[in-house]
Enquirer: 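Quick one: the structure is below, questions incoming.
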Amino acid sequence: MAISIKTEHEIELMRQSGQLLAKVHRELAKELKEGMTTKDIDRIGEELIRSYGGIPNFLNYNGYPASICVSVNDEVVHGIPSEKRFLQNGDIVSLDAGLIYKGYHSDAARTHGIGEISDTAKNLIDVTRQSFFEGIKNAKPGNHLVDIARGIQTCAEKAGFSVVRDLCGHGIGKSLHEDPEIPNFVTRRRGTRLQKGMTLAIEPMINEGSYDVWWLEDDWTVVTIDGKLAAHYENTIVITENGCEILTLLPEEQKELAQIGWL
């Protein structure tokens, strides 16, 4: 496994890419409303990416037909936007997006509620987000990937939810998916030892019920096997001298998270 260690110049380009993607997510979240189609979301998302000077990195990636993965309710990831799928009050929708800027990729996901959502749905979204931050507390040189996974899994399972086993995070840089693969649950192997300059996409995928999933006939959309809700939260990070830096959060978002003790 050849894991790319980025130079300071490369990290700065990835930081620029990440900040553009963070803006896309911020603006896209404002557009979400009952009655819009998942294709509307994709259309707006692609327009935002291009307006900021980015290139949608999901579009046509291994044949994926859209710029934004839009996954609703029991869809875990990789939902294909459709003119026929309308958002309804009470839905939760995860938006997984990425872009290329000056040759470097960024990747991030957020899950949002539409209108009035159930307490369970709110809790699932909150815990999925929190599990990411519990995981990256251990993202520092000398630790291993399993230390990140342990933080994620402990947080999710303590709340009564489950961690998807069939999907994982990944390295990122000049390519959207680089080594290493990054599980969100503890495995028998410790995984890669973390080093300064590694750039990683950490992405908890947390289910309300069973962690088992299956793929729909489109070969992309992953759904929970029991039809219960799923949530997804992801950021691109870089390992620094003493910890990590999140590249896909805006400064005001980082300030807010610091105030509640997550950063």
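All residue numbers in this chain count up from 1 along the given sequence.
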Enquirer: Find the distance between CD1 (Ile100) and CG (Leu20) and round it off to the nearest 0.5 Å.
Expert: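 If I round to the nearest 0.5 Å, the distance is 12.5 Å.
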Enquirer: Quick one: sort the Tyr233 and Phe132 rings into parallel, tilted or perpendicular, breaks at 30° and 60°.
Expert: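 Ring orientation of Tyr233 relative to Phe132: perpendicular.
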Enquirer: Between Arg43 and Glu83, is any pair of side-chain heavy atoms under 4.5 Å apart?
Expert: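 Yes, side chains in contact.
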Enquirer: Is it the case that more than 12 heavy atoms not belonging to Arg190 sit under 6.0 Å from its CZ atom?
Expert: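 No, because the 6.0 Å sphere around CZ of Arg190 holds 12 heavy atoms or fewer from other groups.
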Enquirer: Is there a side chain to side chain contact (heavy atoms under 4.5 Å, CB included) between Val223 and Val76? Walk through the geometry before answering.
Expert: CA-CA 5 Å; Val223 299; Val76 183; 5.6 Å; no
Enquirer: Find out whether Asn57 and His105 are in side-chain contact, i.e. whether some heavy atom of one side chain is under 4.5 Å from a heavy atom of the other.
Expert: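 The answer is yes, as the side chains (C-beta and beyond) meet within the 4.5 Å cut-off.
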Enquirer: For residues Leu99 and Ser17, determine if any side-chain heavy atom of one lies less than 4.5 Å from a side-chain heavy atom of the other.
Expert: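 Counting from C-beta outward, Leu99 and Ser17 do come under 4.5 Å.
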Enquirer: For atom NZ of Lys30, is the number of surrounding heavy atoms from other residues, nucleotides or ligands below 6.0 Å larger than 12?
Expert: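 Yes, the 6.0 Å shell around NZ holds more than 12 heavy atoms from other groups.
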Enquirer: Listing request: all side chain to side chain donor-acceptor pair (under 3.5 Å) pairs with a residue in residues 117-136, at least two apart in sequence or in separate chains.
Expert: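 Passing the test, one end in residues 117-136: Glu134-Lys137.
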Enquirer: Do any side-chain atoms of residues 86-98 form donor-acceptor pairs under 3.5 angstrom with protein atoms, and if so which ones, sequence neighbours left out?
Expert:
from: Asn89; atom 1: OD1; to: Glu116; atom 2: N; distance (Å): 2.8
from: Asp91; atom 1: OD1; to: Asn73; atom 2: ND2; distance (Å): 2.9
from: Asp91; atom 1: OD2; to: Gln88; atom 2: N; distance (Å): 2.7

Enquirer: Does a donor on one side chain and an acceptor on the other come within less than 3.5 Å for Lys39 and Ser82?
Expert: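 No - no donor-acceptor pair under 3.5 Å links their side chains.
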Enquirer: Under 4.5 Å side-chain heavy-atom separation, chaining through any Ile, Leu, Val, Met, Phe, Trp or Tyr, what else clusters with Val186? Say none if it is isolated.
Expert: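 Under the 4.5 Å side-chain rule, Val186 groups with Val146.
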Enquirer: From Thr199 OG1 over to Ile239 CD1, what is the distance, rounded to the nearest 0.5 angstrom?
Expert: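 One finds 9.0 Å between OG1 of Thr199 and CD1 of Ile239.
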Enquirer: Assess, by modelled atom type and distance only, whether the side chains of Tyr104 and Glu10 contain a donor and an acceptor separated by less than 3.5 Å.
Expert: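 Yes.
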Enquirer: Find the distance between NE2 (His144) and OG1 (Thr187) and round it off to the nearest 0.5 Å.
Expert: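 It is 11.5 Å, given to the nearest 0.5 Å.
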Enquirer: What do the steps show when you test Phe185 against Val164 for side chain to side chain contact (heavy atoms under 4.5 Å, CB included), and what is the final call?
Expert: CA-CA 8 Å; Phe185 60 97; Val164 173; over 6 Å; no
Enquirer: Please identify which of these residues, Val222, Ile225, Asp166, Thr221, meets the side chain to side chain contact (heavy atoms under 4.5 Å, CB included) condition with Trp214.
Expert: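 Exactly one pass, corresponding to Ile225.
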Enquirer: Would Ile49 end up clustered with Tyr64 when hydrophobic side chains under 4.5 Å apart are linked, directly or stepwise?
Expert: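 Result: no, two separate clusters.
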Enquirer: Taking it one step at a time, do Ile246 and Gln254 satisfy side chain to side chain contact (heavy atoms under 4.5 Å, CB included)?
Expert: CA-CA 9 Å; Ile246 304 171; Gln254 303 219 29; 4.3 Å; yes
Enquirer: Answer yes or no: are there more than 12 heavy-atom neighbours, outside Trp215 itself, under 6.0 Å from its atom CH2?
Expert: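 Yes, CH2 of Trp215 has more than 12 neighbouring heavy atoms, counting only those of other groups under 6.0 Å.
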Enquirer: Indicate yes or no: at least one non-hydrogen side-chain atom of Arg26 is less than 4.5 angstrom from one of Leu250.
Expert: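 Yes, side chains in contact.
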Enquirer: What class does the angle between the rings of Trp220 and His78 fall in, given that below 30° is parallel, 30 to 60° is tilted and above 60° is perpendicular?
Expert: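 Ring orientation of Trp220 relative to His78: perpendicular.
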Enquirer: Any link between Met36 and Ile68 through a network of hydrophobic side chains (Ile, Leu, Val, Met, Phe, Trp, Tyr) touching at under 4.5 Å?
Expert: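 Yes, Met36 and Ile68 fall within the same hydrophobic cluster.
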Enquirer: Compare all side-chain heavy atoms of Pro141 with those of Arg193 and state whether any distance is below 4.5 angstrom.
Expert: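 They are not in contact (no side-chain heavy atoms under 4.5 Å apart), so the answer is no.
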Enquirer: Do Leu200 and Ile152 share a hydrophobic cluster (ILVMFWY, side-chain heavy atoms under 4.5 Å, transitive)?
Expert: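 Hydrophobic grouping puts Leu200 with Ile152.
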Enquirer: Taking atom CG of Asp147 and atom CG of Leu194, what is their separation to the nearest 0.5 Å?
Expert: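 Taking CG in Asp147 and CG in Leu194, the distance rounds to 7.5 Å.
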Enquirer: Taking atom types as modelled, is there a side-chain donor on Glu178 or His170 under 3.5 Å from an acceptor on the other?
Expert: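 Not at all, the side chains of Glu178 and His170 share no donor-acceptor pair under 3.5 Å.
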Enquirer: Check whether more than 12 heavy atoms from other residues, nucleotides or ligands sit under 6.0 Å from atom CD of Glu252, and answer yes or no.
Expert: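 Atom CD in Glu252 is crowded, with more than 12 foreign heavy atoms closer than 6.0 Å.
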Enquirer: Strictly below 4.0 Å, N to O, side chains only: are Glu8 and Arg15 in salt-bridge contact?
Expert: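 So Glu8 does not pair with Arg15 through a salt bridge.
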Enquirer: How about Ser106 and Tyr101: do any of their side-chain heavy atoms sit closer than 4.5 Å?
Expert: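 No, every pair of side-chain atoms sits at 4.5 Å or beyond.
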Enquirer: If hydrophobic clusters are built from ILVMFWY residues whose side chains come within less than 4.5 Å, do Ile11 and Met14 share one?
Expert: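 Same cluster: Ile11 reaches Met14 through Ile, Leu, Val, Met, Phe, Trp or Tyr contacts under 4.5 Å.
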Enquirer: Checking Asn143 against Arg150: is there a side-chain donor and acceptor pair closer than 3.5 Å?
Expert: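 Checked: Arg150/Asn143 side chains show no N/O donor-acceptor pair below 3.5 Å.
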Enquirer: Measure across Ile182 and Gly171 and return the closest heavy-atom pair with its distance rounded to 0.1 Å.
Expert: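 In terms of heavy atoms, the two residues are closest at CD1-N, 4.3 Å.
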Enquirer: Identify whether Leu176 and Ile80 are in the same connected component of the hydrophobic contact network (ILVMFWY, side-chain heavy atoms under 4.5 Å).
Expert: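 Looking at the clustering, Ile80 is in the same group as Leu176.
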Enquirer: I'd like to know if Glu75 and Arg85 make a salt bridge, using a cut-off of under 4.0 Å between side-chain N and carboxylate O.
Expert: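 A salt bridge is present here (some side-chain N lies under 4.0 Å from a carboxylate O).
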Enquirer: Run the salt bridge (Lys or Arg N to Asp or Glu O under 4.0 Å) test on Glu241 and Lys140 for me, step by step, so that the C-alpha distance in whole Å, both residues' side-chain angles and the decisive distance to 0.1 Å come before the verdict.
Expert: CA-CA 7 Å; Glu241 200 161 325; Lys140 51 190 171 185; over 6 Å; no
Enquirer: Could you check Ile172 against His177 for side chain to side chain contact (heavy atoms under 4.5 Å, CB included), going step by step and ending with a plain yes or no?
Expert: CA-CA 5 Å; Ile172 186 171; His177 290 100; over 6 Å; no
Enquirer: Rounded to the nearest 0.5 Å, how far does CG of Asn207 lie from OG1 of Thr224?
Expert: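 Output value for this atom pair is 6.0 Å.
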Enquirer: Of Leu48, Ile41, Asp42, which is the lone residue that meets side chain to side chain contact (heavy atoms under 4.5 Å, CB included) with Ile44?
Expert: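 Among the candidates, only Leu48 passes.
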Enquirer: Would Asp226 and Ser210 count as having a side-chain donor-acceptor pair, cut-off 3.5 Å?
Expert: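 No pair is found: no donor N or O on one side chain lies under 3.5 Å from an acceptor on the other.
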Enquirer: Any carboxylate oxygen within less than 4.0 angstrom of a Lys/Arg side-chain nitrogen, looking at Arg50 and Glu46?
Expert: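 Answer for the salt bridge query: yes.
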Enquirer: Taking all non-hydrogen atoms of both residues, which atom of Val163 and which atom of Tyr211 are closest, and how far apart?
Expert: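 Reported closest heavy-atom pair: O-CB, 3.1 Å.
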Enquirer: CD1/Ile125 to NE2/His232 distance, rounded to the nearest 0.5 angstrom?
Expert: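 Atom-to-atom, Ile125:CD1 and His232:NE2 are 13.0 Å apart.
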Enquirer: Is the shortest heavy-atom distance from the side chain of Met198 to the side chain of Ile5 under 4.5 Å?
Expert: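 Heavy-atom side-chain distance check passes, below 4.5 Å.
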